Amino acid sequence: MKYAELARAYEALEATAKRLEMRSILVALIGAVKGEELGIVLYLSQGLLRPEYEGVELGVAGSLALKALARATGEEEERLARRARASGDLGTTAAEVLGPPSRRDEATALEVPEVYARLLEIAHSSGAGSQEAKIVILETLLRRASSLEGKYLLRFVLGTLRVGVREMTILDALAEHFAPGDKPARHEIEAAFNMTSDLGLIAERLAAGGVPALARLGLTVGRPVRSMLAERSNSLSDILLRMGGRAALEYKYDGLRVQAHIARDGSVRLFSRRLEEIGPQFPDLIEALASAIPHRPAIVEGECVPVDPLTDELRPFQEVSHRRGRKRDLDRAQEETPVALFVFDVLLDAGEPVYGRPYPERRTRLEALLVPNERIRLAESRVVASVDAATRFFDEAVAGGAEGVMAKSLQEGSSYQAGARGYWWIKYKREYVTGLADSIDGVIVGAFSGRGRRGGRFGAFLLAVYNSRQDRYESFCKVGSGFDDQALEEMPHRLHPHVVGERPANVDTGLNADAWFRPALVLEVRGAELTLSPIHRAGIGRVKPEAGLALRFPRFTGRYRDDKGPTDATTTDELLELYESQSHGTPHGAHGVRLRPKA
DNA sequence: GGTGCCTGCCC
DNA sequence: ATTCTGC
DNA sequence: GCAGAATGGGCAGGCACC
């Protein structure tokens with residue numbers, strides 16, 4: 001297949017928001033692809049080169065792609081960057097500067113397998129000079145690309161194909177193509193994907209032998225299963241109602257999700273939520289798992305959390321981040337940041353697949369199979385049947401250093417639904433509940449150009465607190481979540497009177513905004529907690545040298561504080577108090593004080 | 001050898 | 001991670 | 001309610017550059 005044909009399909013997909021129409025376009029595309037190319041087309045359409053768990057990375061994104069486009073077109077890099085900021089999409093900008101498709105003739109037209117091979121080449125190049133090599137490959141592709149091809153080539157590289165299609169839509173289309181109208185077949189295809197996490201493999205099998213060829217793609221030790229995910233709720237009574245009046249609650253630990261595969265011979269592989277192999281970072285867990293799980297093979301899932309070696313208290317998420325992805329000084333990291341795995345589910349028990357069993361049975365089996373040790377423990381759990389009991393357990397969880405609780409359905413259909421976010425699991429955190437949550441009034445000092453559907457307007461804003469002692473404004477977060485289309489539309493008008501050409505002298509931040517404002521407009525934001533920051537400057541040096549404070553998971557509450565001037569915003573001192581009132585010294589999370597700045 | 005930018009992946 | 005939008 | 005696409009803080013590694 002010509003890459004141009006794939007690009008035309010993307011163009012058609014992008015032009016509609018109707019899901020059924022998208023599916024039809026994909027079905028037509030699947031029908032037009034040669035069987036042996038289908039896998040490649042599906043990987044590319046997912047924004048991947050290989051199944052996610054293989055971790056094949058391009059190592060090229062916005063910055064290098066810009067360089068490649070500049071070279072391919074002879075345009076100035078800075079000029080292209082400005083245009084891309086304005087349009088919110090380097091792909092669109094590329095389409096404009098690449099010009100009409102007449103630039104290339106049929107003889108050199110890009111074929112999908114060739115594009116794929118070139119992209120793989122980019123991914124595989126490493127070492128000194130590799131950035132140059134990657135740019136050259138991309139540049140060469142772009143020189144041969146029509147404007148439409150260039151648009152999607154660049155979007156692929158940027159990781160935002162933005163055509164309204166992801167895994168679920170592709171699965172729908174595969175089902176519609178290979179087994180039209182056959183609901184069980186649709187289910188079977190999705191199940192095979194959830195077990196293998198590899199659309200290319202699914203496509204290959206389907207092309208070779210149709211749906212029956214998927215039959216033997218079951219649970220395999222060493223091949224990660226797509227994680228089951230949870231929905232959210234902001235009320236325990238709502239959760240109980242949905243779950244039929246009774247539910248199991250578990251501590252929701254703030255750490256890394258880990259899927260552990262323990263082979264018959266006791267060898268262990270660990271996978272992250274996005275199925276990256278993370279075993280090398282946690283040799284302590286691997287060793288502890290081999291002894292904690294004597295009956296093998298087995299697959300269990302848990303949360304990897306930093307723990308205080310002396311007091312056994314749970315430590316902040318930031319600490320376990322030091323171990324994620326680490327390749328150097330593994331021994332030292334292991335010593336400095338001990339972790340424990342709080343196991344909460346079992347998918348394979350002594351060779352027997354149990355992921356299809358209801359949750360209560362899996363939990364019972366988990367408790368029977370696990371021989372806990374210092375590193376491997378059971379997640380705290382309790383069955384509750386009233387809001388009172390649920391609230392008590394939630395309070396215990398928070399006092400014990402957890403983020404909140406995870407509610408799990410006890411009902412008949414409560415199997416482990418790989419890959420699914422649904423109401424079988426519901427997370428509940430204190431921060432979800434308005435009135436109990438942290439809220440901060442921040443001053444807008446800068447803004448950033450939006451991308452994609454926020455192209456042509458601001459996509460995020462830089463917020464600061466007021467340092468009343470020095471009469472300065474210190475950044476503590478960007479915020480882009482929580483704005484609906486109308487709010488986003490309004491912002492330029494609200495900000496217009498305060499625009500300045502460069503960063504005001506009384507604004508302190510480590511970030512370079514696309515637009516700057518005199519501190520004037522105040523917004524209410526919420527977040528989960530305050531962290532020590534290398535880039536934000538709120539209270540810099542007051543807790544730790546060189547470190548400011550930042551808000552984790554910031555979002556706009558929808559409340560403009562037009563009643564406040566910039567000096568009435570939350571102050572640096574108040575932010576520091578909030579930070580101190582979090583869990584330091586006392587058990588993590590055991591703060592009776594909530595983050596409530598003055599009204 | 002140090003530093004800063006970029007990228008990808010955790011949450 | 002959270003939030004918003006169109007189907 | 002689902003699926004997709006916006007957006008956040010912050011970490012480690014890799015590479016370019018000095």
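Here the structure is a predicted model, which is why all the values come from computation and not from measurement. Protein chains get the first letters and strands the later ones, always in sequence-line order, with residue 1 at the start of each. Computed from heavy atoms alone, side chains included, the values below leave out hydrogens, waters and symmetry copies.
- Judged purely by atom type and a 3.5 angstrom limit, A:Y416 uses its side chain to pair as donor or acceptor with the backbone of A:M228.
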Determine, step by step, whether A:R526 and A:E431 satisfy the salt bridge (charged side-chain N to carboxylate O under 4.0 Å, His left out) criterion, reporting the C-alpha distance in whole Å, the side-chain angles of both residues, the deciding distance to 0.1 Å, and the verdict. CA-CA 8 Å; A:R526 279 200 285 149; A:E431 55 161 302; over 6 Å; no
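- As a whole-Å value, the separation of A:R323 CZ from D:dC11 P is 16 Å.
- With A:T572 contributing its side chain and A:A538 its backbone, the two residues share no donor-acceptor pair below 3.5 Å.
- Look at CD on A:E403: it is 13 Å from C1' on B:dC10, rounded to the nearest Å.
- One atom, CZ of A:R186, and another, C1' of D:dA3, lie 11 Å apart when rounded to the nearest Å.
- For B:dC9, the OP1/OP2 oxygens have no side-chain nitrogen or oxygen of A:S272 closer than 4.0 Å.
- A:R451 has no side-chain polar atom (N or O) that falls below the 4.0 Å cut-off from OP1 or OP2 of D:dA5.
- Nucleotide D:dC11 holds its P atom 16 Å from the CG atom of A:D329, rounded to whole Å.
- No side-chain donor-acceptor contact under 3.5 Å links A:D329 to the backbone of A:R332.
- OP1 or OP2 of D:dG13 sits under 4.0 Å from a side-chain N or O of A:R328.
- Computed from coordinates, the A:L523 CG to C:dT3 P distance equals 15 Å when rounded to whole Å.
- Rounded to an integer number of Å, the gap from A:L256 CG to D:dC11 C1' is 11 Å.
- The side chain of A:Y423 contributes no N or O atom lying less than 4.0 Å from OP1 or OP2 of D:dC2.
- Looking at which nucleotide of DNA chain B each of A:S63 and A:G55 is closest to, the 5′-most match is held by A:S63.
- What separates CD of A:E14 from P of D:dG4 is a distance of 15 Å, to the nearest Å.
- A sub-4.0 Å separation between OP1 or OP2 of D:dG8 and a side-chain N or O of A:K478 is present.
- The aromatic ring centroids of A:F461 and A:F483 lie less than 6.0 Å from each other.
- In this structure, A:K429 reaches the C:dT2 phosphate: one of its side-chain N or O atoms is under 4.0 Å from OP1 or OP2.
- The distance between atom CG of A:D254 and atom C1' of B:dC11, rounded to the nearest whole Å, is 7 Å.
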